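One structure below.
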Protein chains: 4
Amino acid sequence: MNGSRRLPIFDAAVKVFAEKGFARATVEEIAKQAGIAKGTIYYNYKGKKELFLSLLEEGIERLEAAVSREVARKDTVLAKLEALVSAQLSFFEEYRDYCKILLSEVWGLGHRWEEQVQRLRSGYFKTIQELLEKGQAEGVIRDDLETETTAAAIFGAVGVAALDRFVFAQEYKYDQILQTLRQFLLKGVQAT
Amino acid sequence: MNGSRRLPIFDAAVKVFAEKGFARATVEEIAKQAGIAKGTIYYNYKGKKELFLSLLEEGIERLEAAVSREVARKDTVLAKLEALVSAQLSFFEEYRDYCKILLSEVWGLGHRWEEQVQRLRSGYFKTIQELLEKGQAEGVIRDDLETETTAAAIFGAVGVAALDRFVFAQEYKYDQILQTLRQFLLKGVQAT
Amino acid sequence: MNGSRRLPIFDAAVKVFAEKGFARATVEEIAKQAGIAKGTIYYNYKGKKELFLSLLEEGIERLEAAVSREVARKDTVLAKLEALVSAQLSFFEEYRDYCKILLSEVWGLGHRWEEQVQRLRSGYFKTIQELLEKGQAEGVIRDDLETETTAAAIFGAVGVAALDRFVFAQEYKYDQILQTLRQFLLKGVQAT
Amino acid sequence: MNGSRRLPIFDAAVKVFAEKGFARATVEEIAKQAGIAKGTIYYNYKGKKELFLSLLEEGIERLEAAVSREVARKDTVLAKLEALVSAQLSFFEEYRDYCKILLSEVWGLGHRWEEQVQRLRSGYFKTIQELLEKGQAEGVIRDDLETETTAAAIFGAVGVAALDRFVFAQEYKYDQILQTLRQFLLKGVQAT
DNA sequence: GATGAATGAGCTTTCATTCAT
DNA sequence: GATGAATGAAAGCTCATTCAT
């Protein structure tokens, strides 16, 4: 019921969906990529949509798990925030296909993934938001920032930067990107 | 090439593409929305793709024009940066349909708009990047920030925050969002 | 909206459905039979099912209309009953494709036409039943017959005999069949 | 060729085919209904079609056997005819799934069971027909009835009435139906 | 200029059948 | 004997595009 043939399908699907997006990806191509017959996908998943959804959930779960783990290791709010940024960036580097899918399909919302994904999105956003509020209470985060907007801005900054660098740029230096984002998010662009 | 029947088509297309995304939007629906017959769209545009592309270009041109205008009015780099953020946010509020399309279709890259859009994207990014570099030369922008990454991060922060607030949130206060983003981008989250 | 290309499709559909039944008939074949492209069918009908349904309703309407007309022309119950049998037989001879479809698909109920057709079926049955009851009240119909069962039996007798003769037999004499059914239904098989 | 695993498959098949018809019934569902694996069906039968055919033949054999037995017990033609009607009705009540399959699939002829079933159908019809002719020779059956048509009519009357009453009606009184059909077939609807 | 009926390539999905275990 | 994962042919349906009017 679980592993069987699902893993190779899963991996192939991530790749093809990342390349073409949901709409232009064909089940045929995913099957070919996985080295199996088209019917086998329907034997393992109810359909193209369910396959995509299972892959989305898995991706967001992994992202949340990776981030949570790193955040939990730190004690102060600022250290946690830095860990969050670092973990998200690292995740997006390792799984850049997920990065594309998350930003384009989930964020873009051509389809109505909304219902199934809304909670996941708000889940991750909430994590950031709560961290910010805790920091404001402790006085380590500027209290002139609205936390909802800031949480979205942080996710967007890291996500779009990661996509731009990891996917579209010819080459990049990971450490430099991480440092830049860390400094940018904590201290802004303005020199002091 | 010019107006006549093109304008109502254009507006209808923006609406439908924003709602459904490129793939799920149908020419039929755009025609119905515009109150014309399907054939008329093909009389004015070469096809669905060209219609979408013309709409993308127009959108980015408008965005760039609006931003350029505001940026040109200011004298210092920091004032220009603030103006840029303010102008982008304002544009995304007024044309939130464009906001969705830009972030989902252009950014997400289900299709190969890349070739035609790459230059546009890099055009806008370049503007930000050059501003940052000028600021670093003048000593008003932190020089430990890589400008390419930071430019992407700024666009992402403003874009995603705008999408999250204007499109998905029930209600919002525009001034608060603008203030939050301005402070966040200039000074970061860390209290001083 | 009405006639346009619907009539040739309609006729082709009746033929193919009668030949293959609903399940084995393909839209492709109906299109080929009508001399048009597959898409044209979907331009005129919502789908295979709707096409079949529209054809069923039309068929039953025609049958009911033909029968009603003949029945109305007669004055006595017995004359009306004879007219009904005669009209049904005549209809089944002229439209033997309908005869097949009605007996096999509607009656057989592989699908759930039930909901949409139940009323039609009961409509025709009711006509027979009410005629029988009126006759019983007048004393010209045996009152030891349950009218519901008898109505079904009459429809079955005429329908199956028509199918057997018109469709499966090599040759037949229409008048003989009509006389036989008329005598059989009125007086039974038993010699007096 | 014989029993072991075939019986549960057989019963499950009758049920599912009666419910869905041949085309919409799936081998998977029959297997599930029988509590076995799909492959086992192919281990016992050559395929879906053969399974259905074996079930048809069995059904008609049982019907013919039941009817023959009852008919043989009577001496006069009229008594034999009454016995035939009674036996067919009784069989259809006990095996109403067969009743549905026989009337819908065999009669309806969506498929080409014709070749394999033609003889079976004509077998049963012939029985009735010969009985009628014998009766005509003896002078107990009206000789103005064409026997082929009448045989089909009798089968249709009993079959459709049984289907209507046993399958579609909410409730029914068996004896009343039997009496009605017996009277109707022997003496017709006309009061004397 | 404008229309909308017609097209057909291309996609998702179903399911009878096979075969290695 | 029995299984069920895997298959792929076949079907229904969508929709961008064309073109006669």
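Source: prediction; values computed, not measured. The sequence lines fix the lettering, A, B, ..., with proteins before strands; numbering per chain opens at 1.
Judged by distance alone with a 3.5 Å cut-off, a donor-acceptor contact links the side chain of D:K38 to the base of E:dT17.
F:dG4 atom C1' lies 16 Å from atom CD1 of A:I36, rounded to whole Å. Counting to the nearest Å, the P atom of E:dC15 and the NZ atom of D:K32 are 12 Å from each other. Counting to the nearest Å, the P atom of E:dG4 and the CD1 atom of B:I30 are 17 Å from each other. Distance CZ (D:R24) to P (E:dA16): 13 Å, rounded to an integer number of Å. Note: CD (B:E29) to P (F:dA16) measures 10 Å, nearest angstrom. Summarising the geometry, the separation between CD on D:E28 and P on E:dT13 is reported as 18 Å, rounded to the nearest angstrom. In this structure, the CD atom of A:E50 is 15 Å from the P atom of E:dT12, given to the nearest Å. One interatomic measurement links the two molecules: OH of A:Y45 to P of F:dA5, which rounds to 14 Å at whole-angstrom precision.
Listed by chain and number, the residues in a side-chain hydrogen bond (donor to acceptor under 3.5 Å, both in side chains) with A:E50 amount to none (sequence neighbours excluded).
Results of the salt bridge (charged side-chain N to carboxylate O under 4.0 Å, His left out) test with C:E29 over C:K15, C:K48, C:K20, C:R24 single out C:K20 as the only residue that passes.
Nearest-nucleotide positions on DNA chain E for A:G39 and C:Y43 put C:Y43 closer to the 5' end. Between B:K46 and A:G35, it is A:G35 whose nearest contact on DNA chain F lies nearer the 5' terminus. Nearer to the 5' terminus of DNA chain E, by closest-nucleotide assignment, is the contact made by A:G47 (compared with the other of D:V27 and A:G47). Along DNA chain F, the nucleotide nearest to C:A25 and the one nearest to D:A37 differ in position, and the one closer to the 5' end is contacted by D:A37.
In this structure, D:E19 does not pair ionically with D:K100, as no charged nitrogen and carboxylate oxygen lie closer than 4.0 Å.
Considering only heavy atoms from C-beta on, D:F10 comes within 4.5 Å of D:S54 through its side chain.
For the C1' atoms, the distance from F:dT21 to E:dG1 is 13 Å, rounded to whole Å.
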### Query
For DNA chain F, what dot-bracket results from Watson-Crick or G-U pairs at under 3.5 Å, with [ ] for crossers and | for inter-strand partners?
.||||||||||||||||||||
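Remark: A:R62 is positioned above the aromatic ring of A:Y95, its terminal NZ or CZ atom under 6.0 angstrom from the ring centre and at most 45 degrees off the axis.
An OP1 or OP2 oxygen of F:dG1 is reached within less than 4.0 angstrom by no side-chain nitrogen or oxygen of D:N44. Residue B:Y42 has no polar side-chain atom (N or O) positioned under 4.0 Å from OP1 or OP2 of F:dT18. The side chain of C:K48 places an N or O atom within less than 4.0 Å of a non-bridging phosphate oxygen (OP1 or OP2) of F:dG12.
A centroid separation of less than 6.0 Å is found between the aromatic rings of B:F22 and B:F17.
Here the OH atom belonging to D:Y45 is positioned 10.0 Å from the CD1 atom belonging to D:I30, to the nearest 0.5 angstrom.
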